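What follows is a single structure, written as structure tokens, with notes after it.
Just so it is clear, the model here is predicted, and its values are computed rather than measured.
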Amino acid sequence: GTGAAVFNHWVMCLIYPEGGNDALVWLDILGFFLAVLISGAAENTMKFSMNWHSWFMMSFVTKGPGKGYFPIAFLPNSSWDSFTVTSLLTSSVGALLAVAATMFPPPAITNYSNVSSNAAIVAEAMHKIWTESIEYFCGGEEGAHATVIAEAITNCNLLSGKAMNDLSASWWEGFDLCGMGKKRQLYMLFDTTAMKMDAVMVAVKDSILKETFEGNHVHFCHGMRPSMEALKESAAHMFARCEHFCRDGEISDEEVAELEELLEEVRFNQTSMLKAYRNLSHEEEFKGAKFVSEDLASENTFVFALSVWA
């Protein structure tokens with residue numbers, strides 16, 4: 001950001017060696033702001049570039065280009081001790097120190113190194129949350145574990161957001177070179193999918209916290225639990241394999257074939273859960289309005305959330 005502002009100022013100094021305040025100068029000032037805003041750069045980059053640009057161009061308009069005492073031989077109209085050059089050098093040194101602080105001592109703490117680990121943690125957390133949720137929900141009574149599961153869901157949703165932020169910031173660490181771009185694109189799809197499930201997991205949390213285990217809850221869960229667990233396992237396994245295949249930045253034909261098999265398994269288990277749900281709705285205890293009553297509101301929400309997540 002600082003470099004862009006310095007370069008713009010240097011070009012204007014070549015055009016106006018003594019400074020200026022005409023329409024072209026103001027067009028440059030406003031045009032630079034517009035270019036930064038539509039660039040899609042990181043927020044911090046835009047802030048630095050516009051901040052330095054404002055400072056440099058205000059000085060350019062009122063006082064003209066500043067001249068130093070130590071000219072740079074290979075760069076016309078510039079000097080080592082000018083305010084623009086010293087600003088660029090100090091910013092560069094500060095950035096290098098910040099980068100060095102993340103690299104040493106090893107292992108390096110970089111956004112790119114977190115891309116794979118964050119996604120793997122999200123996949124594992126999803127599996128664990130659904131396993132514990134089904135086990136608790138299909139149990140016989142309320143317990144404090146509901147609060148633990150709810151907190152785990154909240155933390156998982158926050159982790160999904162962090163994974164996306166690390167992924168976005170990792171562009172600066174490799175500029176998508178040497179295969180990093182393909183890997184980032186794959187993880188972008190993976191993390192986006194995980195974030196889309198945030199609202200679904202909130203519905204799961206709400207169902208668990210509000211369930212009183214009264215009425216027909218136990219009978220409903222007894223009929224649905226086998227199919228729910230089968231769907232959970234197949235979907236969680238497929239989600240974990242998707243994350244694993246993203247790690248090298250390439251999806252081979254063999255991996256595509258494996259994912260297609262896993263997808264068929266998920267679809268089969270979704271169909272099985274739907275059949276179990278329909279069979280349950282035809283039983284005497286659940287005929288008519290009883291199946292969609294307030295008594296089974298949490299149960300229906302929980303099953304629907306599992307189906308959507310899968």
Side-chain angles (χ1 to χ4, degrees), residues 39-46 99 102-103 107-133 149-206 231-263 265-267 270 304-310:
S39 66
E43 181 180 349
N44 201 42
T45 302
M46 292 193 288
V99 171
T102 66
M103 301 295 290
I109 305 173
T110 62
N111 292 300
Y112 188 73
S113 65
N114 291 333
V115 168
S116 297
S117 59
N118 285 342
I121 293 173
V122 169
E124 183 179 352
M126 286 283 192
H127 184 203
K128 184 176 181 181
I129 286 171
W130 273 111
T131 299
E132 295 186 3
S133 296
I149 297 173
E151 185 67 21
I153 292 174
T154 300
N155 292 336
C156 185
N157 288 351
L158 292 175
L159 181 59
S160 297
K162 180 182 182 302
M164 185 63 75
N165 291 335
D166 286 342
L167 184 61
S168 299
S170 66
W171 182 87
W172 295 100
E173 298 169 355
F175 304 102
D176 283 351
L177 300 175
C178 302
M180 294 178 67
K182 292 183 178 179
K183 182 176 178 179
R184 289 182 68 257
Q185 286 180 347
L186 290 174
Y187 273 111
M188 182 67 71
L189 292 172
F190 182 89
D191 291 341
T192 300
T193 301
M195 287 192 67
K196 287 181 179 178
M197 294 299 104
D198 285 358
V200 176
M201 300 310 295
V202 170
V204 175
K205 178 172 69 173
D206 187 66
L231 179 59
K232 177 261 298 183
E233 285 297 329
S234 60
H237 179 59
M238 181 175 180
F239 198 55
R241 295 300 290 167
C242 286
E243 186 282 321
H244 180 77
F245 294 154
C246 291
R247 295 178 185 178
D248 60 358
E250 297 285 346
I251 304 294
S252 65
D253 292 339
E254 292 78 9
E255 291 170 341
V256 171
E258 181 178 343
L259 288 177
E260 288 177 348
E261 291 180 3
L262 293 174
L263 181 58
E265 183 180 353
V266 171
R267 288 172 175 169
Q270 275 193 317
F304 182 75
L306 175 58
S307 181
V308 172
W309 174 79

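The side-chain hydrogen bond (donor to acceptor under 3.5 Å, both in side chains) check on Ser170 picks up Arg184, with sequence neighbours excluded. When the ring-ring contact (aromatic ring centres under 6.0 Å, His included) test is applied to Phe245, no partner is found at least two apart in sequence or on another chain. The side chain to side chain contact (heavy atoms under 4.5 Å, CB included) test applied to Ala305 returns Trp130, Val200, Val204, not counting sequence neighbours. Shown here are the side chain to side chain contact (heavy atoms under 4.5 Å, CB included) partners of Ala236, two or more places apart in sequence or in another chain: His127, Trp309. The side-chain hydrogen bond (donor to acceptor under 3.5 Å, both in side chains) check on Glu43 picks up Lys47, with sequence neighbours excluded. Every residue was checked against the side-chain hydrogen bond (donor to acceptor under 3.5 Å, both in side chains) condition with Glu124, not counting sequence neighbours, and none meets it. Judged as a side-chain hydrogen bond (donor to acceptor under 3.5 Å, both in side chains), and not counting sequence neighbours, Ser117 has no contacts. A search for side chain to side chain contact (heavy atoms under 4.5 Å, CB included) contacts involving Glu132 returns Lys128, His145, Ile149, not counting sequence neighbours. Remark: Ala120 pairs with Glu243, Arg247 by the side chain to side chain contact (heavy atoms under 4.5 Å, CB included) rule, at least two apart or across chains.
Note that CG of Leu186 and SG of Cys242 are 10.0 Å apart. Values are rounded to the nearest 0.5 Å. In this structure, Leu259 CG and Glu254 CD are separated by 11.5 Å, a value rounded to the nearest 0.5 Å. To the nearest 0.5 Å, the span separating NZ on Lys232 from CG on Leu306 amounts to 9.5 Å. Of the inter-residue distances, the one linking His244 atom NE2 with His237 atom NE2 reads 10.5 Å to the nearest 0.5 angstrom. Between the CD1 atom in Ile153 and the CG atom in Leu158 there is a gap of 12.0 Å [rounded to 0.5 Å]. We find the CE-NZ distance between Met188 and Lys183 to be 13.5 Å, quoted to the nearest 0.5 Å.
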* When you look at Thr192 and Met164, which way does the side chain to side chain contact (heavy atoms under 4.5 Å, CB included) test go after all the steps? -> CA-CA 8 Å; Thr192 300; Met164 185 63 75; 3.4 Å; yes
* To do: Walk me through it: do Leu189 and Gln185 pass the test side chain to side chain contact (heavy atoms under 4.5 Å, CB included)?
  => CA-CA 6 Å; Leu189 292 172; Gln185 286 180 347; over 6 Å; no
* To do: Check step by step if side chain to side chain contact (heavy atoms under 4.5 Å, CB included) holds for Cys156 and Ile129.
  => CA-CA 9 Å; Cys156 185; Ile129 286 171; 3.7 Å; yes
* Show the numbers, then the answer: is there a side chain to side chain contact (heavy atoms under 4.5 Å, CB included) between Ser307 and Gln270? => CA-CA 7 Å; Ser307 181; Gln270 275 193 317; 3.4 Å; yes
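When every heavy atom of Phe239 is checked against every heavy atom of Val122, the shortest pair comes out as CE2-CG1, 4.5 Å. Contact record, Tyr187 with Ser116: OH-OG, 3.2 Å, taken as the closest heavy-atom pair. Residues Ala310 and Val266 approach most closely at O-CG1, 3.9 Å, considering heavy atoms.
Sorted by first and then second residue, the pairs that involve residues 152-164 and meet salt bridge (Lys or Arg N to Asp or Glu O under 4.0 Å), not counting sequence neighbours, are Lys162-Asp166. Legend: side chain to side chain donor-acceptor pair (under 3.5 Å) pairs involving residues 151-160, not counting sequence neighbours, sorted by first then second residue: Thr154-Lys205. For residues 111-123, there are no salt bridge (Lys or Arg N to Asp or Glu O under 4.0 Å) pairs, not counting sequence neighbours.
Judged by distance alone, the side chain of Asn118 and the main-chain N or O of Asn114 form a donor-acceptor pair under 3.5 Å.
Considering only heavy atoms from C-beta on, Met201 comes within 4.5 Å of Met126 through its side chain.
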